[in-house]
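All remarks here apply to the structure that follows.
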Amino acid sequence: MKFQLTEDQLMIKQAAREFAQNELKPGVIERDSHMKYPAEQVQRMGELGLLGMMVNPEYGGGGMDTVSYVLAMEELSKIDNSCSVIMSVNNSLVCWGLEKYGTEEQKRKYLPNLTAGDKIGAFCLSEPEAGSDATSQRTTAEDKGDYYLLNGTKNWITNGGSASVYLVMAQTDVAKGSKGINCLIVEKGMDGFIVGAKEDKLGIRSSDTNTLIFNDVKVPKENRIGDNGFGFTFAMQTLSGGRIGIAAQALGIAAGAYELALDYAKTRKAFGKEISQHQAIQFKLADMATEIEAARLLVYHAAWLKDQNQNYDLASSMAKVFASEVAMRTTVEAVQIHGGYGYVKEYHVERLMRDAKITQIYEGTSEVQRIVISRSILK
Ligand code: CAA
């Protein structure tokens with residue numbers, strides 16, 4: 001057993017930290033307040049290779065391992081979770097799925113732009129009546145010979161407005177249930193594809209989350225990923241990796257809030273001494289540090305399993321449910337340690353607390369992760 005990062009991994013972590021501190025931190029409060037999409041920051045992420053980290057360099061990616069990816073996710077998530085969710089979806093839900101299951105033609109057509117950040121991807125599974133219950137897809141992809149006729153509505157789609165490439169799950173053969181679902185690559189601008197309302201959210205406010213509407217969109221057959229009926233398996237396998245990314249995001253949120261609380265506790269004085277000298281605060285910091293370390297081990301281990309080509313479905317769900325709950329507890333305590341200052345935007349911890357909540361919801365709620373975990377341990 002080795003609990004050591006390689007030199008390359010440490011360099012990636014440091015580079016991501018510097019980018020987050022120097023280029024994301026200035027302006028993060030303003031972007032969050034005004035729901036301003038981080039266009040310049042996303043462009044820089046593309047230039048730095050953060051949008052296609054694990055993709056083979058042949059398709060424009062960084063050819064890095066999953067451990068490097070989670071290290072970068074963790075550092076960005078200490079500061080700006082709108083940027084880190086854009087990064088996570090693009091890397092692990094869109095690029096990974098395309099590279100793993102796409103045809104050579106699909107890979108050559110889409111991956112170079114997606115890894116460079118010239119185009120952003122979105123993953124479209126959720127619907128008004130199919131969130132956790134993802135097999136209940138109401139969106140239909142009717143087989144018309146050369147093309148599929150796509151009709152329906154998708155909800156809560158990260159990168160919904162800013163994306164150009166959408167991986168859309170839709171039901172082709174309802175009688176076959178989850179085996180009748182396909183994943184289609186839909187491009188912005190296709191006739192009948194409408195980007196609907198943008199959500200006004202509690203957290204990750206500068207990333208865009210939209211409703212998408214498909215009215216008789218003709219999607220060529222060559223845009224289907226995998227064999228006929230592979231769409232649900234595609235979605236589940238892709239989400240298994242995606243959950244490692246969100247677990248890393250949750251870890252970064254917790255670690256970021258902890259770093260801020262630790263610094264604050266060492267400088268803020270009350271009752272004649274730094275508040276870090278009061279046991280009430282010391283015990284909070286001790287619990288935060290311990291839980292973050294446990295979350296970190298779960299997240300890195302899930303990433304490592306993926307890099308070893310071992311099954312990571314269980315590990316990714318465990319990492320996500322634990323890290324997201326640690327993120328919630330840690331950020332609440334970080335606000336508490338900051339007292340009144342924690343309740344105002346300038347001190348950053350209130351934003352991290354708002355951002356933490358979504359990590360318990362998207363890419364499978366905590367309850368869904370417990371379904372995956374319990375099924376795995378009971379089978
Ligand atoms: N890999 C391969 N196949 C899988 C799989 C996996 N990881 N998980 C399930 N399957 C297969 C099952 O084996 C089953 O096949 P069989 O019928 O041959 O046995 C089929 O898929 C259906 O699976 P279940 O019977 O387990 O389906 P279920 O209805 O009980 O639901 C669930 C399972 C785990 C709850 C699943 O619906 C789920 O994960 N729901 C949550 C969806 C989710 O995470 N949504 C997030 C949206 S994306 C997002 O948030 C991105 C973003 O924008 C940030």
Side-chain angles (χ1 to χ4, degrees), residues 86 88-90 92-103 105-107 109-111 113-114 119-144 146-174 176-199 208-239 241-242 362-364:
I86 295 166
S88 180
V89 168
N90 203 67
S92 43
L93 293 187
V94 179
C95 287
W96 185 86
L98 268 170
E99 188 176 19
K100 174 92 178 164
Y101 297 110
T103 61
E105 205 185 6
Q106 289 168 347
K107 291 192 252 192
K109 183 169 178 191
Y110 296 108
L111 284 173
N113 283 324
L114 287 167
K119 289 187 175 170
I120 293 294
F123 180 86
C124 313
L125 178 67
S126 303
E127 298 186 355
E129 290 176 74
S132 292
D133 185 8
T135 58
S136 297
Q137 295 286 302
R138 302 277 198 279
T139 298
T140 53
E142 211 182 320
D143 190 336
K144 293 286 190 184
D146 290 350
Y147 63 90
Y148 287 101
L149 196 62
L150 187 65
N151 277 291
T153 302
K154 293 286 173 182
N155 259 23
W156 321 117
I157 304 305
T158 303
N159 301 340
S162 55
S164 305
V165 178
Y166 299 78
L167 305 187
V168 181
M169 271 33 84
Q171 188 82 51
T172 296
D173 187 345
V174 78
K176 290 190 176 155
S178 68
K179 300 283 190 292
I181 293 171
N182 279 311
C183 175
L184 305 179
I185 306 170
V186 175
E187 293 180 31
K188 189 178 256 164
M190 282 181 166
D191 280 349
F193 173 28
I194 301 161
V195 175
K198 176 174 161 177
E199 303 294 346
D208 55 330
T209 307
N210 295 69
T211 298
L212 305 177
I213 300 133
F214 305 97
N215 283 330
D216 284 341
V217 182
K218 286 182 179 174
V219 185
K221 270 273 170 76
E222 65 258 27
N223 283 27
R224 188 184 73 210
I225 298 186
D227 293 337
N228 186 27
F230 180 65
F232 191 72
T233 307
F234 171 83
M236 289 296 109
Q237 304 250 301
T238 307
L239 276 167
Y362 57 21
E363 301 207 18

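Given the structure is predicted, the values throughout are model-derived calculations rather than measurements.
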Smallest separation among heavy atoms of [X] and [Y], with atom names:
| X | Y | value |
| --- | --- | --- |
| Ala130 | Ser136 | CB-O, 3.4 Å |
| Val217 | Phe193 | CG2-N, 3.6 Å |
| Gly177 | Gln171 | O-NE2, 2.9 Å |
| Leu167 | Ile225 | CD2-CD1, 4.0 Å |
| Lys107 | Glu99 | NZ-O, 3.3 Å |
| Tyr110 | Val165 | CD2-CG2, 3.8 Å |

Can you tell me how far the [atom1] atom of [X] sits from the [atom2] atom of [Y], to the nearest 0.5 Å?
| X | Y | atom1 | atom2 | result |
| --- | --- | --- | --- | --- |
| Asn159 | Asp208 | CG | CG | 6.0 Å |
| Ser178 | Met236 | OG | CE | 9.0 Å |
| Ser162 | Ile86 | OG | CD1 | 6.0 Å |
| Tyr362 | Ser88 | OH | OG | 7.0 Å |
| Thr135 | Leu125 | OG1 | CG | 9.5 Å |
| Glu199 | Thr158 | CD | OG1 | 10.5 Å |

Does the side chain of [Y] come within less than 4.5 Å of [X]'s, by heavy atoms?
| X | Y | result |
| --- | --- | --- |
| Leu114 | Ile120 | no |
| Met190 | Pro220 | yes |
| Val94 | Val89 | yes |
| Glu187 | Lys109 | yes |
| Leu98 | Ile185 | yes |
| Tyr148 | Glu142 | no |

Sidechain-backbone polar pair: [X] side chain, [Y] backbone, donor-acceptor under 3.5 Å:
| X | Y | value |
| --- | --- | --- |
| Asn223 | Leu184 | no |
| Asn155 | Thr211 | no |
| Asn210 | Val195 | no |

Requested in this report: Start with the C-alpha gap between Thr238 and Lys100, add the side-chain angles, then the distance that decides, and say whether side chain to side chain contact (heavy atoms under 4.5 Å, CB included) holds.
Outcome: CA-CA 9 Å; Thr238 307; Lys100 174 92 178 164; over 6 Å; no

Requested in this report: Please assess Tyr101 against Gln237 for the test side-chain hydrogen bond (donor to acceptor under 3.5 Å, both in side chains), listing each intermediate value before the final yes or no.
Outcome: CA-CA 10 Å; Tyr101 297 110; Gln237 304 250 301; 2.6 Å; yes

Report task. Run the numbers on Lys179 and Thr233 for side chain to side chain contact (heavy atoms under 4.5 Å, CB included), then give the verdict. Result -> CA-CA 8 Å; Lys179 300 283 190 292; Thr233 307; 5.5 Å; no

Query raised in the report: Just checking, any donor-acceptor pair under 3.5 angstrom between side chains of Asn182 and Thr172?
Result: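 Yes - a donor-acceptor pair under 3.5 Å links their side chains.
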
Requested in this report: Please check if any side-chain donor atom of Asp216 sits under 3.5 Å from a side-chain acceptor atom of Asn151, or the reverse.
Outcome: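 Looking only at side-chain atoms, Asn151 and Asp216 do form a donor-acceptor pair, the distance falling under 3.5 Å.
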
**Report entry** Verdict with reasoning, Phe123 to Tyr166, per ring pair (Phe, Tyr, Trp, His ring centres under 6.0 Å)
**Finding:** CA-CA 6 Å; Phe123 180 86; Tyr166 299 78; over 10 Å; no

Query raised in the report: With sequence neighbours left out, which residue pairs that include part of residues 153-173 fulfil the salt bridge (charged side-chain N to carboxylate O under 4.0 Å, His left out) condition?
Result: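 Sorted pair list: Glu127-Lys154, Asp173-Lys176.
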
Report summary line: For residues 219-237, the salt bridge (charged side-chain N to carboxylate O under 4.0 Å, His left out) pairs (sequence neighbours left out) are Asp143-Lys221

Requested in this report: With side chain to side chain contact (heavy atoms under 4.5 Å, CB included) as the test, would you mind laying out the steps for Thr153 and Thr139 before giving the verdict?
Outcome: CA-CA 6 Å; Thr153 302; Thr139 298; 5.7 Å; no

**Report entry** Cys95 and Asn90: CA distance, side-chain angles, deciding distance, side chain to side chain contact (heavy atoms under 4.5 Å, CB included) verdict
**Finding:** CA-CA 6 Å; Cys95 287; Asn90 203 67; 4.0 Å; yes

Query - Exceeds 12 heavy-atom contacts within 6.0 angstrom, atom CG of Asp191 - result: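 12 or below, so no.
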
